[in-house]
Amino acid sequence: MQKNKSRRIVTLILLLLLIALCVFIGLYNLTTNETESHRSIQPSNSVLERNLTQATTLGGNKLTDSKRNKLLKLNAKLSRDGFFGSYIATKNSDLEFSAKIGYAHVGTKDIFRLNTTYLVGEYQDAINSAILLRLVEKNELSLSKSLQYYLPGLKGGSEVTVKDLVLGKTNLTINSGWFSQYMQENKSRIDFGKVKLGSTSAKYVSANPLITKSLISAVTGETYSSFVTKQLESSFGLSETRVVTEATNSQVNDATGYSYYKDRTNKVVQGKAIDISDLPSDNYYIRMSLVDIAMLTNKIQTKKAVPSKYTNIYQKALNNLDGFSKKASGWQLETAIRGQYLVIRTNANNSKMLIVTSNLENKIVNISKLNTTLYDYID
């Protein structure tokens with residue numbers, strides 16, 4: 001009897017050990033898979049990208065003592081003048097200096113971070129052109145074919161090619177009321193007969209965003225948001241960029257735009273949030289973090305945003321962006337949407353980059369001039 005009891009105890013112990021081993025193996029595999037999944041979303045194709053993804057907070061400074069002191073004084077003045085936002089500067093693939101002033105979202109007291117996401121306005125057009133050219137590379141689109149070939153019924157589409165759309169030069173317009181309705185994610189049937197070629201009426205706006213969205217959906221069989229989101233991760237390595245389909249589906253790291261407002265002491269404050277309830281029906285509704293903006297800019301400058309044989313046409317597309325301007329040693333892009341402002345500047349050999357963001361319209365601080373001032377701080 002004693003022997004049987006001992007055997008049962010030994011069997012029970014072995015069974016418990018076996019269960020513990022299985023649990024350990026399961027947890028190990030889960031951890032490994034989660035790590036690999038995270039890595040697959042954030043491929044680092046350059047030293048700069050690795051440095052950016054490894055950075056943790058804003059506020060670092062590698063400048064000389066003299067420039068560091070000047071920058072600290074500038075930040076203090078920006079704070080007094082009611083500037084709210086952040087900036088990062090890179091030099092030779094390293095994060096040179098950065099700063100944050102104010103809140104990304106006042107209600108939650110959330111400060112600006114490297115992963116804070118902003119509406120990027122016309123920079124979305126740079127993403128769209130890159131995706132269209134990647135579809136051309138895969139033979140899903142042809143630059144020489146008319147838009148009407150892919151979108152039957154598109155009025156004026158027989159006279160405009162995919163190349164014209166990539167370059168932003170279609171001259172196709174649509175009534176602003178119809179545009180807002182058709183840009184909604186759940187609008188599957190679009191009456192392209194309402195598109196007009198070359199309308200100069202004040203009620204008509206460019207139909208390019210609508211056509212781009214529809215064209216990508218037509219050739220991929222997916223919604224614009226679904227396909228572009230996957231491309232942002234797999235082709236560009238951008239894990240903190242997303243297409244906004246519902247304005248109410250905000251995330252904790254989203255920046256909120258604020259209108260110009262002074263409190264009772266005549267001090268500029270982040271007091272009045274700007275409504276974005278109809279954002280998905282707007283031209284631009286992609287959000288990007290500071291890190292992702294820098295990573296995409298780096299890809300553009302190193303000619304990795306599109307297949308090499310399309311770099312020339314892609315550069316022409318960038319040149320046509322609203323807010324894009326050539327500088328003596330590079331280029332600059334300025335965007336503004338719903339109280340969120342972005343200025344990107346980089347030089348020709350990609351050794352210097354500066355990104356400034358703000359979430360409040362400021363009548364004292366000019367963000368473009370601020371970008372120029374900060375750019376000169378980069379050694």
Side-chain angles (χ1 to χ4, degrees), residues 120-152 154-174 179 182-183 190 192 195-200 204-220 224 227-228 231-232 235-236 243 282-286 288 293 296-297 299-327 330-337 342 344 346 348:
V120 294
E122 285 79 6
Y123 210 28
Q124 181 170 339
D125 289 335
I127 294 173
N128 286 340
S129 292
I131 288 176
L132 289 174
L133 289 172
R134 286 174 178 265
L135 289 172
V136 171
E137 172 70 11
K138 294 178 181 179
N139 294 319
E140 295 186 49
L141 285 173
S142 170
L143 288 172
S144 60
K145 285 188 176 178
S146 72
L147 293 176
Q148 199 173 69
Y149 176 85
Y150 300 101
L151 300 172
L154 176 60
K155 194 173 181 180
S158 62
E159 304 173 43
V160 183
T161 65
V162 171
K163 182 178 180 179
D164 293 327
L165 182 63
V166 170
L167 294 174
K169 300 172 66 175
T170 69
N171 203 27
L172 293 171
T173 61
I174 189 170
F179 177 89
Y182 287 146
M183 286 301 284
I190 298 174
F192 286 119
V195 174
K196 291 187 177 182
L197 183 63
S199 175
T200 57
Y204 278 72
V205 296
S206 171
N208 286 358
L210 171 63
I211 294 170
T212 300
K213 172 189 171 184
S214 303
L215 181 62
I216 290 174
S217 296
V219 299
T220 64
Y224 172 85
F227 182 78
V228 170
Q231 286 296 303
L232 292 170
S235 298
F236 298 97
V243 180
D282 208 333
N283 290 29
Y284 307 110
Y285 47 97
I286 279 184
M288 301 181 72
I293 293 169
L296 178 59
T297 302
K299 280 181 166 58
I300 291 173
Q301 285 301 90
T302 55
K303 299 182 174 16
K304 293 179 181 177
V306 298
S308 57
K309 63 182 177 181
Y310 299 115
T311 54
N312 288 338
I313 185 175
Y314 188 59
Q315 187 57 55
K316 291 179 181 178
L318 293 176
N319 293 345
N320 291 334
L321 293 179
D322 288 338
F324 183 93
S325 59
K326 290 184 178 181
K327 296 296 181 180
W331 55 266
Q332 179 171 298
L333 178 67
E334 299 180 47
T335 76
I337 175 173
L342 168 68
I344 305 168
T346 185

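Quick caveat, the model's predicted, so the values are computed rather than measured.
- Smallest separation of non-hydrogen atoms from L147 and L165: CD2-CD2, 4.0 Å.
- Between the CG atom in N128 and the CG atom in L215 there is a gap of 10.5 Å [rounded to 0.5 Å].
- Between L172 and F192 the shortest side-chain heavy-atom distance does not fall below 4.5 Å.
- Residues M288 and I127 have side chains in contact (heavy-atom distance under 4.5 Å, counting atoms from C-beta outward).
- Using a distance-only test at 3.5 Å, with no hydrogens or angles considered, a donor-acceptor pair links the side chain of K299 to the main chain of F236.
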Item checked: CA sep, side-chain torsions, deciding dist, call: V160, N171, side-chain contact (heavy atoms from CB on, under 4.5 Å) -> CA-CA 9 Å; V160 183; N171 203 27; over 6 Å; no
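- Residues I313 and L143 have side chains in contact (heavy-atom distance under 4.5 Å, counting atoms from C-beta outward).
- The shortest non-hydrogen separation linking A130 to A305 is CB-O, 4.0 Å.
- A donor-acceptor contact shorter than 3.5 Å is absent between the side chain of S129 and the backbone of A126.
- You'll find the side chain of D125 reaches within 4.5 Å of the side chain of Y284, heavy atoms only.
- In terms of heavy-atom proximity, T173 sits nearest to S199 at OG1-CB, 3.1 Å.
- Y123 and T335 get closest at one heavy-atom pair: N-CG2, 4.0 Å.
- Here Y310 contributes atom OH and R134 contributes atom CZ; the two are 12.0 Å apart, rounded to the nearest 0.5 Å.
- Y149 places no side-chain N or O within 3.5 Å of a backbone atom of G157 that could act as its donor or acceptor partner.
- T161 contributes no side-chain N or O that, together with a main-chain N or O of S144, makes up a donor-acceptor pair within less than 3.5 Å.
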Checklist line | Steps toward side-chain contact (heavy atoms from CB on, under 4.5 Å) verdict (W331, I344) | finding: CA-CA 8 Å; W331 55 266; I344 305 168; 4.3 Å; yes
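- No side-chain donor-acceptor contact under 3.5 Å links E334 to the backbone of G323.
- The two residues A348 and Q301 have their closest heavy-atom pair at O-NE2, 3.8 Å.
- Distance check: Q315 CD to I300 CD1 gives 8.5 Å after rounding to the nearest 0.5 Å.
- No side-chain heavy atom of L296 sits less than 4.5 Å from a side-chain heavy atom of L232.
- In this structure the side chain of I174 reaches within 4.5 angstrom of the side chain of Y182, judged on heavy atoms.
- Side-chain contact between E159 and S146 is absent, with no heavy-atom pair separated by less than 4.5 Å.
- Partner F227 forms a side-chain contact (heavy atoms from CB on, under 4.5 Å) with one of V243, V219, L135 and no other, that one being L135.
- Atom CD1 of I337 sits about 11.5 Å away from atom CG of L342, to the nearest 0.5 Å.
- L210 is listed as a side-chain neighbour of M183, based on a closest heavy-atom distance under 4.5 Å.
- Atom-to-atom distance recorded for S206:OG and F179:CZ is 7.5 Å, nearest 0.5 angstrom.
- When all heavy atoms of T220 and E140 are compared, the closest pair comes out as CG2-OE1, 4.3 Å.
- Remark: N208 CG to T170 OG1 distance equals 3.5 Å, nearest 0.5 Å.
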